[in-house]
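As a basis for the values below, the full set of heavy atoms in this structure was taken, side chains included, without hydrogen atoms, waters or symmetry mates.
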Amino acid sequence: MPVRPALLLGALFAVIIPPLAANDASINLGAHGPEPVGEFKGGESVVRMVSEKIDITFGRTETHVHCRFVFRSSKAGADAVQMLGFPDFITEADTGTIHSMVSRVDGREVPSKKLRGWQDLETSKCHLGPSPEGAAADFYTITVTFPPDRDVIVEREYKATNGRSVMGDTYFSYTTRTGGSWKGSIGKAEFHVTLDGWKLEDLAFEDGEQKIDPRQQRKYGSPNLSEWKVEAPDKLSLVWNNFEPAVHQTRQNIHLQTWCVPPQQ
């Protein structure tokens, strides 16, 4: 995912979603896909994310996400072993959480182990253990072996409670920022959004028709509507090729946002 960094396998976003006011109903900080966790120091992983395909069903109260990541190791002549983590960030304002998490490696379901860790908010890198100052998180971790000279497919499927504020807006965020930890660029990222209970006109885009005074809108969807392909009244798609989330600041986040509800006169 918000906005504290979120992470997931794909570019594995790590976007930080700032917590909302304490009286907000909920906030979704679970939009993170597998990223390297606590397994290397300094440089990038030896494993590259060749592609990611993220299917998002944005519902009225929760969002269903299916992520499919294709990885390829650059380590010659031997297996590379990497721990992948999918985090739920912990703040005083967080009530939305990931649930129904399912992980698969090459089509085989594998159990996730939930471990406490944290994310460095300056570098976006995640670590296991007590948090010094970064964003604390419970990580759904799996350890994956990447043989040389072949692709490994990792899937994460989960549901998460949407974020919601007292201003009447609902949102979900998926971040690719943490993808900067993988080797090189992300080859291709596909995002497919299905609106369940919403219409396209319910989404707030800065370059869309303004339903309320722009100064009253807490936040807009990202990227702008002009970058999405509208395939149907309830379906959107987006493709990014060869991007490095740590460098391309406009490729660090997918944020779905509804209009704030104007106060009754």
Report the C-alpha separation of T141 and L84 in whole Å, then their side-chain angles, then the decisive distance to 0.1 Å, and conclude whether the side chain to side chain contact (heavy atoms under 4.5 Å, CB included) test is met.
CA-CA 5 Å; T141 66; L84 278 56; over 6 Å; no
Where is the tightest heavy-atom contact between H248 and N242, given as atom of each residue plus distance?
CE1-O, 4.3 Å
Sub-3.5 Å donor-acceptor pair from the side chain of Q210 to the main-chain atoms of E206, do we have one?
yes
Same cluster or not: are F205 and V230 linked, directly or through other Ile, Leu, Val, Met, Phe, Trp or Tyr residues, by side-chain heavy atoms under 4.5 angstrom apart?
yes
Under the rule for side chain to side chain contact (heavy atoms under 4.5 Å, CB included), what residues qualify as partners of H64, not counting sequence neighbours?
T57, E157, K159
Where is the tightest heavy-atom contact between A80 and V46, given as atom of each residue plus distance?
CB-CG2, 3.8 Å
For E190, the side chain to side chain contact (heavy atoms under 4.5 Å, CB included) test, sequence neighbours excluded, returns K53, K188, H192, V239
Using every non-hydrogen atom in the two residues, find where Y158 and C67 come nearest and quote the distance to one decimal.
CE2-SG, 4.5 Å
What I'd like to find out is whether the side chain of I142 reaches to under 4.5 Å of the side chain of R156, using heavy atoms alone.
yes
Under 3.5 Å, is there a donor-acceptor pair between the N162 and T61 side chains?
no
Who are the side chain to side chain contact (heavy atoms under 4.5 Å, CB included) partners of P148, not counting sequence neighbours?
D79
Would S103 and M101 count as a side chain to side chain contact (heavy atoms under 4.5 Å, CB included) if you check the C-alpha gap in whole Å, the side-chain angles of each, and the deciding distance to 0.1 Å?
CA-CA 7 Å; S103 301; M101 169 67 77; 4.2 Å; yes
Salt bridge between R215 and D213, side-chain N to carboxylate O under 4.0 Å?
yes
Tell me whether E209 at atom CD has more than 12 heavy atoms from other residues, nucleotides or ligands lying less than 6.0 Å away.
no
Inter-residue atom distance R164.CZ - Y171.OH, 0.5 Å rounding:
10.5 Å
Any side-chain heavy atom of W182 sitting closer than 4.5 Å to one from V47?
yes
What's in the same ILVMFWY side-chain cluster as Y220, cut-off under 4.5 Å, chained through other members?
I212, W259
CA sep, side-chain torsions, deciding dist, call: N253, H255, side chain to side chain contact (heavy atoms under 4.5 Å, CB included)
CA-CA 6 Å; N253 182 25; H255 182 68; 3.7 Å; yes
Same apolar cluster: W240 and V70, side chain cutoff 4.5 Å
no
Hydrophobic cluster membership, with links at side-chain heavy-atom distances under 4.5 Å among I/L/V/M/F/W/Y: are L238 and F243 in one?
yes
Take K75 and D149, measure what salt bridge (Lys or Arg N to Asp or Glu O under 4.0 Å) needs, and give me the verdict at the end.
CA-CA 9 Å; K75 186 175 181 178; D149 303 321; over 6 Å; no
Is the backbone N or O of T258 less than 3.5 Å from a side-chain atom of Q217, with the two atoms forming a donor-acceptor pair by type?
yes
Please determine whether a side-chain nitrogen of the Lys or Arg among R48 and D151 lies less than 4.0 Å from a carboxylate oxygen of the Asp or Glu.
no
Taking all non-hydrogen atoms of both residues into account, name the closest pair between C260 and R218 and its distance.
SG-N, 3.4 Å
Passes side chain to side chain contact (heavy atoms under 4.5 Å, CB included), V152 versus V144? Steps please.
CA-CA 9 Å; V152 173; V144 180; 4.0 Å; yes
Set of ring-ring contact (aromatic ring centres under 6.0 Å, His included) partners for F58, sequence neighbours left out:
W198
For R104, is there any backbone N or O sitting under 3.5 Å from a side-chain donor or acceptor partner on E109?
no
Hey, what do you get for OG1 (T170) to CG (L256), rounding to the nearest 0.5 Å?
11.0 Å
Under 3.5 Å, side-chain donor or acceptor atoms of residues 221-228 against the rest of the protein: list the pairs with distances, not counting sequence neighbours.
residue: S226; atom: OG; partner: D207; partner atom: OD2; Å: 3.3
residue: W228; atom: NE1; partner: P223; partner atom: O; Å: 3.4

Taking C-beta and beyond as the side chain, do F139 and L128 meet within less than 4.5 Å on heavy atoms?
yes
Mind checking whether D169 and Q257 have side chains closer than 4.5 Å, heavy atoms only?
yes
Donor-acceptor contact below 3.5 Å, side chain K211 vs main chain E201:
yes
V193 versus S237: any side-chain heavy-atom pair under 4.5 Å?
no
Mind listing the closest non-hydrogen atom pair of S45 and Q82 along with its distance?
OG-OE1, 3.0 Å
Is the shortest heavy-atom distance from the side chain of D234 to the side chain of L200 under 4.5 Å?
no
Quick one: pull up OG1 in T145 and CG in D106 and give me the separation to the nearest 0.5 Å.
10.5 Å
Report the C-alpha distance between E62 and T161 in whole Å, list the side-chain angles of each, state the deciding distance to 0.1 Å, and finish with yes or no for side chain to side chain donor-acceptor pair (under 3.5 Å).
CA-CA 4 Å; E62 69 178 17; T161 305; 5.5 Å; no
In terms of side-chain heavy atoms, does T194 have a donor or acceptor partner in K235 at a distance below 3.5 Å?
yes
Measure the shortest side-chain to side-chain distance between I54 and I254 over non-hydrogen atoms and say whether it is less than 4.5 angstrom.
no
Close side-chain approach of F191 to L236, heavy-atom, < 4.5 Å
no
Pairwise distance OG(S74) to CZ(F146) - rounded to 0.5 angstrom
11.5 Å
